[in-house]
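Below you'll find the structure, written out as structure tokens, and then a few comments.
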Amino acid sequence: MESVRAAFRGSGNDDESLLDGVDNYCNLSWENRLYAFGACFVIGVFLSIFGSIEIFFQKYTAFALLYSLGTIVALAGTCFLRGPMSQIKKMFDKDRLVATIVLIAAIILTIVCGTVIKVPILAIICCIVQFLAFTWYTLSYIPYARNAVKSCFSGCTGIECPC
């Protein structure tokens, strides 16, 4: 269990700042942090599934809001594993920067397309981009996962993945 905890907490060599102290105020045990992460992840998945069901009832505003909220809740759950400030720093590491920016932009665009512009096909396209960006972002935390996906893509399609 200690090795799992160490993998999520990082090396701890980062410079301490006032905002880093936010991570230290959480008094949850490691087990409770895992439960909180799991609960957020499950709630996020259910919100996204319920949002996706709304497409069949042609409630595109509800779809965009619920799906995006599900992604946000699932992503917020990772803050229980590392701490909020540490997680935000990791999100903007050079390895995750593009995925993070695309994910945030896709969440915003999904909500805008579904609620303000009210163009269902654009909301659905943004949702697909959101899903792919969230998947790519998540794979960045698993060693060699991105390389495996790129190799699989290249092997299946014969096209070298540029990313």
Side-chain angles (χ1 to χ4, degrees), residues 3-11 14 33-34 36-163:
S3 62
V4 173
R5 182 182 305 152
F8 282 108
R9 288 307 256 163
S11 62
D14 298 332
R33 287 174 183 248
L34 285 174
F37 163 73
C40 286
F41 185 77
V42 168
I43 290 168
V45 168
F46 277 124
L47 285 171
S48 295
I49 289 171
F50 292 142
S52 298
I53 291 170
E54 295 297 324
I55 291 176
F56 299 109
F57 299 110
Q58 297 180 351
K59 296 182 180 179
Y60 299 107
T61 299
F63 156 70
L65 290 173
L66 285 173
Y67 193 91
S68 296
L69 183 62
T71 301
I72 292 167
V73 169
L75 187 61
T78 60
C79 291
F80 285 105
L81 298 176
R82 299 186 61 89
M85 297 313 298
S86 177
Q87 181 62 25
I88 290 171
K89 284 182 181 178
K90 282 291 190 186
M91 286 177 71
F92 291 96
D93 276 353
K94 69 177 184 112
D95 293 338
R96 297 179 185 92
L97 183 62
V98 173
T100 300
I101 290 171
V102 171
L103 177 59
I104 292 170
I107 290 170
I108 292 168
L109 288 172
T110 301
I111 293 170
V112 168
C113 290
T115 60
V116 178
I117 300 174
K118 296 190 179 195
V119 179
I121 191 68
L122 284 179
I124 293 169
I125 290 170
C126 289
C127 176
I128 292 168
V129 171
Q130 182 179 336
F131 174 79
L132 294 173
F134 189 66
T135 302
W136 194 249
Y137 170 80
T138 303
L139 289 174
S140 72
Y141 283 96
I142 303 168
Y144 305 107
R146 285 182 171 182
N147 291 338
V149 170
K150 287 184 216 179
S151 295
C152 182
F153 178 80
S154 296
C156 291
T157 63
I159 300 170
E160 188 66 33
C161 184
C163 41

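Below, all heavy atoms of this structure are taken into account, side chains as well, without hydrogens, waters or symmetry copies.
- The shortest heavy-atom contact between Gly114 and Ala64 is CA-CB, 3.7 Å.
- Taking the side chain as every heavy atom from C-beta outward, Lys90 and Thr78 never approach each other to under 4.5 Å.
- Taking the side chain as every heavy atom from C-beta outward, Ile121 and Val119 approach each other to under 4.5 Å.
- Counting heavy atoms from C-beta on, the side chains of Gln87 and Phe80 never come closer than 4.5 Å.
- Note that the CG atom of Leu65 and the NZ atom of Lys59 stand 13.0 Å from one another [nearest 0.5 Å].
- Contact check for Val102 versus Leu132: no side-chain heavy atoms found under the 4.5 Å cut-off.
- A distance of 12.5 Å separates CD1 of Ile101 from OH of Tyr137, quoted to the nearest 0.5 Å.
- A cation-pi arrangement is found for Arg96 relative to Tyr141, the charged atom lying closer than 6.0 Å to the ring centre and inside a 45° cone about the ring normal.
- Atom CD1 of Ile107 is separated from atom CD1 of Ile72 by 5.0 Å, given to the nearest 0.5 angstrom.
- Between Thr71 atom OG1 and Leu47 atom CG the span is 9.5 Å, to the nearest 0.5 Å.
- Looking only at side-chain heavy atoms (C-beta outward), Pro120 and Phe63 stay at 4.5 Å or farther from each other.
- Scanning both residues, Leu109 and Cys126, for their nearest heavy atoms gives CB-SG, 3.6 Å.
- Other residues, nucleotides and ligands place no more than 12 heavy atoms under 6.0 Å from the CZ atom of Phe57.
- Between Ala133 and Ala99, the shortest heavy-atom contact is CB-O, 4.2 Å.
- Phe131 places a side-chain heavy atom less than 4.5 Å from the side chain of Tyr67.
- Judged by distance alone, the side chain of Arg146 and the main-chain N or O of Leu139 form no donor-acceptor pair under 3.5 Å.
- The closest side-chain heavy-atom distance from Val149 to Trp136 is below 4.5 Å.
- If you take CG on Leu66 and CD on Glu54, they are separated by 6.0 Å, rounding to the nearest 0.5 Å.
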Given side-chain contact (heavy atoms from CB on, under 4.5 Å), test Leu103 with Val129 step by step and report yes or no. CA-CA 8 Å; Leu103 177 59; Val129 171; over 6 Å; no

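- Between the side chain of Ser154 and the backbone N or O of Ile159 there is at least one donor-acceptor pair closer than 3.5 Å.
- Under the side-chain contact (heavy atoms from CB on, under 4.5 Å) criterion, Lys118 pairs with Thr61, not counting sequence neighbours.
- You'll find the side chain of Ser140 stays beyond 4.5 Å of the side chain of Asp95, heavy atoms only.
- The OG atom of Ser48 sits 8.5 Å away from atom CZ of Phe134, with the distance rounded to the nearest 0.5 Å.
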Derivation of the side-chain contact (heavy atoms from CB on, under 4.5 Å) call for Leu81 and Leu34: CA-CA 7 Å; Leu81 298 176; Leu34 285 174; 3.6 Å; yes

